[in-house]
Amino acid sequence: MSPSAISPRNSVSSPDYSSHPDPATFHGYDHIKWWVGNAKQAASYYSTRFGLTTFAYRGLETGSRYVASYVVGHHRGGGADTVGDQDNVCFVFESPLRSYKYLPEDEPISDAERALLRDMHDHLERHGDAVKDVCFTVDSVEGVYAHAVADDPLAGSDNSSNLKRSKKVVGVQPPTQVHDKMYGGSVTVAVVSTYGDTTHTLLNRGDYKGPFLPGYRAVADTPAEAVEAVAPTVGLQRIDHCVGNQDWNEMEDACKFYEERLGFHRFWSVDDKQICTDFSALSSIVMSSGGSNDTVKMPINEPAPGKKKSQIEEYILYNSGPGVQHIALRTPDIVTAVSSLRARGVQFIKVPPTYYTSLRERLASNREAVAQGRGAPLAWNISDEQLEILERLNILIDYDQGGYLLQLFTKPLMDRPTVFVEIIERNNFEGFGAGNFKSLFEAIEREQAERGNL
Ligand code: TYF
Ligand code: FE
């Protein structure tokens, strides 16, 4: 089918919040935590390539004996009012500082620290460098957690609810208040598990006054400042959405988790007839936190039958199961962002020149139809000069009558073809680039072929 025939707007169903906890309780993404083999180098990579800074740290120097943790994002003075306020991009990179298997017998380590070391090493063995946790800021950590873990099989809470839920245990860490000695104030956190080994931290920053979270210290990132002094500004604004890949026939259960346990609703969906190339297909449902703002969007993908191995199957193979596939970072100016990211050595997926030929044809036929009195003019305009710039930077465009989005996808960011980043600029368009799916997936398939994966 012609790609632009799917209008995301038409598929947005009106949410029904009647049986769910107040969805307005989700304020947005606070940060995304990665478990990696070498957090020091990963932090340096994401700060210097993506124009971010390491602004908080926890490790041997701060009394953290088993885990090193670097907080990378925009440092704008610190404190609860600047971190986690949605107008921010924040990644946390963590690595184990010690072996799990080869600790000395008399190592003075707590059971909790030992379990964490084991989980980190298991995660690294199974997934490689990967996203571990997507943290949301919420009004009531207790309220969201209690609803999420109600009738958890092992959590011991009441099973009288008539929600038919999976047998999976969702509660990982019950709501806990954590005080910070150095900066003062406390936060409330809880953790629930979602698809694969991925978790969601629920966070309320309370009256905490420090740079990130209790236990962290503010740090200056002299190396990133040195790069910033010579490299062009990127201008990433916030996390727009974060997508999870599922294995065959697992999408529905993953979506039900967000509906039943977190009170999300289905914002938009496409099936495998709509997202396909000649060789592969996938289905996708966008889960959203709802409320007045829909600030948290967690799209869920699953593979669908095709002639060759789809990008989702390749991901599932190399990630050894479900996990976070891509993180979309929003910018108000994608031309500046992508020019700067390219100048900093970030590599993007390539679409062929025919993509722009066909886009120009579609725009021209719309203008012709309007001139002949058939159909309404688009509410926006991209000039020929702007189109040329977008083509030169290989940026993708999707649109409807009312608005448009500009987007571009990096190549996988690690050796395993697993996680990548999307750069996105939205102009009165809340959709998900359906008009680009075919060209994008064909471009991804060409890269897959280079990896010998078709
Ligand atoms: O925002 C978007 O357009 C993307 C599209 O495997 C997408 O989420 C969907 C599935 C996929 C890669 C990109
Ligand atoms: Fe996306």
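Each ligand, and each atom within it, is numbered from 1 in the order the structure gives. Nothing fancy with the numbering, it's 1 onward along the sequence. From a predicted model like this one, the values you see are computed outputs, not experimental measurements.
Distance from atom 12 (C) of ligand 1 to its nearest protein heavy atom, with residue and atom name: F441 CE2, 3.6 Å. What sits closest to atom 5 (C) of ligand 1 on the protein, heavy atoms only, is F437 CE2, 3.2 Å.
Using a cut-off of 2.8 Å, one finds that E422 contributes an N/O/S atom close to the Fe ion (ligand 2).
Using a 4.5 Å cut-off on side-chain heavy atoms (C-beta onward), S69 and Y57 make no contact. In this structure the side chain of D139 never reaches within 4.5 angstrom of the side chain of F26, judged on heavy atoms. Put simply, the side chain of E94 does not reach to within 4.5 Å of the side chain of V36, judged on heavy atoms.
Within the 4.0 Å heavy-atom cutoff, L405 does not count among the residues contacting ligand 1. The closest approach between I444 and ligand 1 stays at or above 4.0 Å for every heavy atom of the residue.
Close contacts of ligand 1 with I312, meaning ligand atoms under 4.0 Å from a residue heavy atom, involve 6 (O). Proximity to H326 (heavy-atom distance under 4.0 Å) selects the following atoms of ligand 1: 4 (C), 7 (C), 8 (O), 13 (C). Using a 4.0 Å cut-off to heavy atoms of N301, the atoms of ligand 1 that qualify are 6 (O), 10 (C), 11 (C). Close approach to L440 involves these atoms of ligand 1, each under 4.0 Å from a residue heavy atom: 13 (C). If you number the atoms of ligand 1 from 1 as listed, the ones under 4.0 Å from a heavy atom of Q311 come out as 6 (O), 11 (C).
Distances between N or O atoms of F432 and those of ligand 1 include at least one value under 3.5 Å.
Partners of E252 according to the salt bridge (charged side-chain N to carboxylate O under 4.0 Å, His left out) rule, which considers only residues two or more places apart in sequence or in another chain, are R266.
Identified under the side-chain hydrogen bond (donor to acceptor under 3.5 Å, both in side chains) test for residues 334-346, with sequence neighbours left out: E228-R344, D333-T336.
For atom 6 (O) of ligand 1, the nearest non-hydrogen atom from the set Q407, K297, Q325, H241 belongs to Q325.
Side chains of Q407 and D398: no donor on one and acceptor on the other come within 3.5 Å.
For the pairing with Y404, the ring pair (Phe, Tyr, Trp, His ring centres under 6.0 Å) check across W380, Y399, F429 returns one residue only, W380.
Both tests pass for R205 against the ring of F212: distance under 6.0 Å to the centre and angle within 45° of the axis.
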